[in-house]
Amino acid sequence: MELNATQCQTHKPEIAKAGADMQAGTFRIEETDGRARRGVLHTDHGPVQTPVFMPVGTAGSVKSLSPQDLEDIGTEIILGNTYHLYLRPGDELLARQGGLHAFSSWQGPILTDSGGFQVFSLSALRRVSDDGVAFSSHIDGSRHFFTPEGVIRIQENIGSDIMMVLDECVAYGTDFERTRIAAERTTRWAERSLQARPHPTRQLLFGIVQGGFYPELREQSAREICDLPFDGYAIGGLSVGEPKHLLWEILESTTPLLPREQPRYLMGVGKPLDILRAIGEGVDMFDCVLPTRNARNGTLYTSTGKVTIKQARYREDTSPLDPQCSCYTCRTFSRAYLRHLYISRELLAYRLNTLHNLAFYLDLIRGAREAISRGEFQDYAAAYEAVFPEESDAIE
RNA sequence: GGAGGGAUACCCAAGUGGCCAAAGGGAGCAGACUGUAAAUCUGCCGGCGUAAGCCUUCGGAGGUUCGAAUCCUCCUCCCUCCA
């Protein structure tokens, strides 16, 4: 099945129909090509074609886009964030509103990150203990406490289709001992999370492998986490400032340890080439702020490479952003106009740029799925290395 | 005609004897961004040089001074008020 922009209109009904047939949690690998796999993950809000890219909608919205926009570019599933939604508007309010789906009017699947990463990245004023993590709100400084059980409860209130366990992510450069303590704590928290899960058949729960950049800790963490009956397994703690080759070392050694029959999720990654390479290692799910954040900051991904739309060279450029792209932005506007909008800080710039960058990512990964089906994934991925030479790590 | 105020780099605008090639904005240019405290952040922004440094600049001309964007004289232009 091929999905291009003009067929997106029919996308949603397919989801709804297929979703009714399958029980949430079922993951079926349909085709493989080397280590790359193509499959379908069924959720309470419909099936998700994997490999999949999940646009990040931290605070209940993919910044600048409406649910209709997301649907138009063929978004299968979006990501929300437990930490942010708990602080504002509050998970109990969300529960009263019928959950995040009803509240936001996004009817497709939603995965919620647990807040473990925020606790790591908003490192000021947090204290981690075996019981949980104490932290200060980035909004008003108020004190809060997350436990593995509490985070499950919050995600239950949010009503996400896929919940993530609370984990402890450590920074690149953290020593072995501290990394070990965090990884082992993550395992204990994972066990508690499973105990606390409310609706095993409606809300899936994924475990998260930690272990920093110590292969033996990664192996230990993967073994412990994968011993637990999660619906999927994530690799966390990567892309936290480490050299690229370490990311690949850890990914290549960790992925084979994850259950073959379950979805694998590489959290927070990445650039287009990162994603393709990880697909080649057998990863099924991705999320990353890059396409959306870069869109807002003027870096656009195209079939011929990155375009920094603010550059003077596009001042009079009447051509479309990406002639190969069929998104609304590329069908409708010139580079010169997009540059003008961006330079002028017109609100439309954020929306059009985000729409395009996400369309690019979704096309990229859709193409990857199709290439896997054809048994041509390696060629497909290699072609993109020529498109983004500056991000290729072949030379490392 | 008289009395004040002003002229600073692409634009706005500080600076009123040395620490000034000259604050700060803006514009311009380049770069970054990986489970979003991000419509954010960083760098460059008179010329030559990798650099030390040198050269040319604060309306114009002249002067005072060891030293001037800063003080004095004249000139040009702009603004306000009074006639």
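The sequence lines fix the lettering, A, B, ..., with proteins before strands; numbering per chain opens at 1. None of these values were measured; they are calculated from a predicted model. Computed over heavy atoms, backbone and side chain alike; hydrogens, waters and symmetry mates excluded.
Between A:Ile365 and A:Phe53, the shortest heavy-atom contact is CD1-N, 3.5 Å. Heavy-atom minimum distance, A:Cys226 versus A:Leu257: SG-O, 3.9 Å. Taking each heavy atom of A:Arg260 and A:Ile29 in turn, the nearest pair found is O-CD1, 3.2 Å. Residue A:Val133 comes nearest to A:Arg126 through the heavy atom pair CG2-CB, 4.5 Å, listed as atom of the first residue, atom of the second, then distance. The two residues A:Glu31 and A:Ser373 make their nearest non-hydrogen contact at OE1-OG, 2.9 Å.
Each of A:Arg339 and A:Glu168 was assigned the nucleotide of RNA chain B with the nearest heavy atom; the assignment lying further toward the 5' end belongs to A:Arg339. Both A:Cys288 and A:Arg315 sit near RNA chain B, but only A:Arg315 has its closest nucleotide nearer the 5' end.
Atom P of B:rG46 sits at a distance of 16 Å from the matching atom of B:rU57, rounded to the whole Å. Comparing the P positions of B:rA13 and B:rA7 gives an interatomic distance of 9 Å, to the nearest angstrom. Comparing the P positions of B:rC71 and B:rA14 gives a spacing of 16 Å, expressed to the nearest Å. Nucleotides B:rC66 and B:rG43 have their P atoms positioned 42 Å apart, rounded to a whole Å. Taking atom P on both B:rU16 and B:rA23, the two are 14 Å apart, rounded to the nearest angstrom. Going from the P atom of B:rG63 to that of B:rG31 covers 50 Å, rounded to whole Å. Nucleotides B:rC78 and B:rU73 have their P atoms positioned 22 Å apart, rounded to a whole Å. B:rG67 and B:rG17 have their C1' atoms separated by 8 Å, with the value rounded to a whole Å.
Regarding A:Leu300, its CG atom lies at a distance of 15 Å from the C1' atom of B:rA32, rounded to whole Å. Remark: P of B:rA27 and CD1 of A:Ile343 are 9 Å apart, rounded to the nearest angstrom. A:Leu290 places its CG atom 10 Å from the C1' atom of B:rU36, with the value rounded to the nearest Å. When the C1' atom of B:rC41 is taken as reference, atom CG of A:Asn297 falls 8 Å away, rounded to whole Å. Rounded to an integer number of Å, the gap from CG of A:Asn353 to P of B:rC33 is 18 Å. Here B:rU34 presents its C1' atom at 15 Å from CZ of A:Phe360, a figure rounded to the nearest Å. Whole-Å rounding puts the A:Arg293 CZ to B:rA32 P distance at 15 Å. Spacing between atom CG of A:Leu355 and atom P of B:rA39 amounts to 18 Å, rounded to whole angstrom units.
No side-chain donor-acceptor contact under 3.5 Å links A:Tyr314 to the backbone of A:Leu321.
Residue side chain A:Lys310 reaches the base of B:rG31 through a donor-acceptor N/O pair under 3.5 Å, judged by distance alone. A:Arg345 contributes no side-chain N or O that forms a donor-acceptor pair with the base of B:rA39 under 3.5 Å. A donor-acceptor contact under 3.5 Å is formed by the side chain of A:Thr292 with the base of B:rU36.
With ring centers used as reference points, A:Phe213 lies under 6.0 Å from A:Tyr172. Separation of the A:Phe286 and A:Tyr361 ring centroids does not fall under the 6.0 Å cut-off. The aromatic ring centres of A:Phe117 and A:Tyr83 sit 6.0 Å or more apart.
Distances from the side chain of A:Phe117 to the nucleotides B:rG35, B:rC33, B:rG28 place B:rG35 closest. Candidate nucleotides B:rU40, B:rA39, B:rG31 were compared by shortest atom distance to the side chain of A:Tyr342, and B:rU40 ranks first. For A:Thr58, taking side-chain heavy atoms from C-beta onward, the closest of the listed nucleotides B:rC29, B:rU36, B:rU40 is B:rU36. With distances taken from any side-chain atom of A:Tyr350 to the nucleotides B:rA39, B:rC33, B:rA37, the minimum falls on B:rA39. Considering only side-chain atoms of A:Gln311, the nucleotide from B:rG31, B:rC33, B:rA37 that sits closest is B:rG31.
A:Thr308 has no side-chain polar atom (N or O) that falls below the 4.0 Å cut-off from OP1 or OP2 of B:rA30. Phosphate contact (OP1/OP2 of B:rA32, side-chain N/O of A:Arg296, threshold under 4.0 Å): absent. Between B:rA37 and A:Gln118, a contact under 4.0 Å exists linking OP1 or OP2 to a side-chain N or O.
Shown for residues 77-90 of chain A: residues whose heavy atoms fall under 4.0 angstrom of RNA chain B, namely A:Leu79, A:Asn81, A:His84. Remark: nothing in residues 219-226 of chain A comes within less than 4.0 Å of RNA chain B through any heavy atom.
The side chain to side chain contact (heavy atoms under 4.5 Å, CB included) test with A:Phe206 singles out one residue from A:Arg264, A:Met267, A:Gln262, A:Met164, and that residue is A:Met164.
Annotation: ring pair (Phe, Tyr, Trp, His ring centres under 6.0 Å) contacts of A:Phe377 (sequence neighbours excluded): none.
Residue contacts for A:Asp113: at a heavy-atom cut-off of 4.0 Å it reaches a base atom on one of the strands shown. Residue contacts shown for A:Ile139 are absent, as no nucleic acid heavy atom lies under 4.0 Å away. When heavy atoms are screened at a 4.0 angstrom cut-off, A:Leu238 is found touching no nucleic acid atom at all. Contact annotation for A:Glu346: no contact, since no heavy-atom pair falls under 4.0 Å across all strands.
Nucleotide B:rC19 has no partner under the Watson-Crick or G-U criteria, as no pair reaches both atom distances under 3.5 Å. Summarising the base pairing, B:rC44 is matched to B:rG28 through a Watson-Crick or G-U wobble pair whose two defining distances lie under 3.5 Å. Base pairing analysis places B:rA7 opposite B:rU76; the two distances defining the Watson-Crick or G-U wobble pair are each below 3.5 Å. As the counterpart of B:rC81, B:rG2 is assigned, both hydrogen-bonding distances of the Watson-Crick or G-U wobble pattern falling under 3.5 Å. Using Watson-Crick or G-U wobble geometry with both donor-acceptor distances under 3.5 Å, B:rU34 finds no partner in any strand shown. Shown here, B:rA51 forms no base pair; nothing in the strands shown gives a Watson-Crick or G-U wobble contact with both key distances under 3.5 Å.
A perpendicular orientation is assigned to the rings of A:Tyr350 and A:Tyr342, their planes being inclined by more than 60° (bins at 30° and 60°).
At a threshold of 4.0 Å, the pair A:Arg339-A:Asp317 does not count as salt-bridged, since none of the basic side-chain nitrogens sits closer than that to a carboxylate oxygen.
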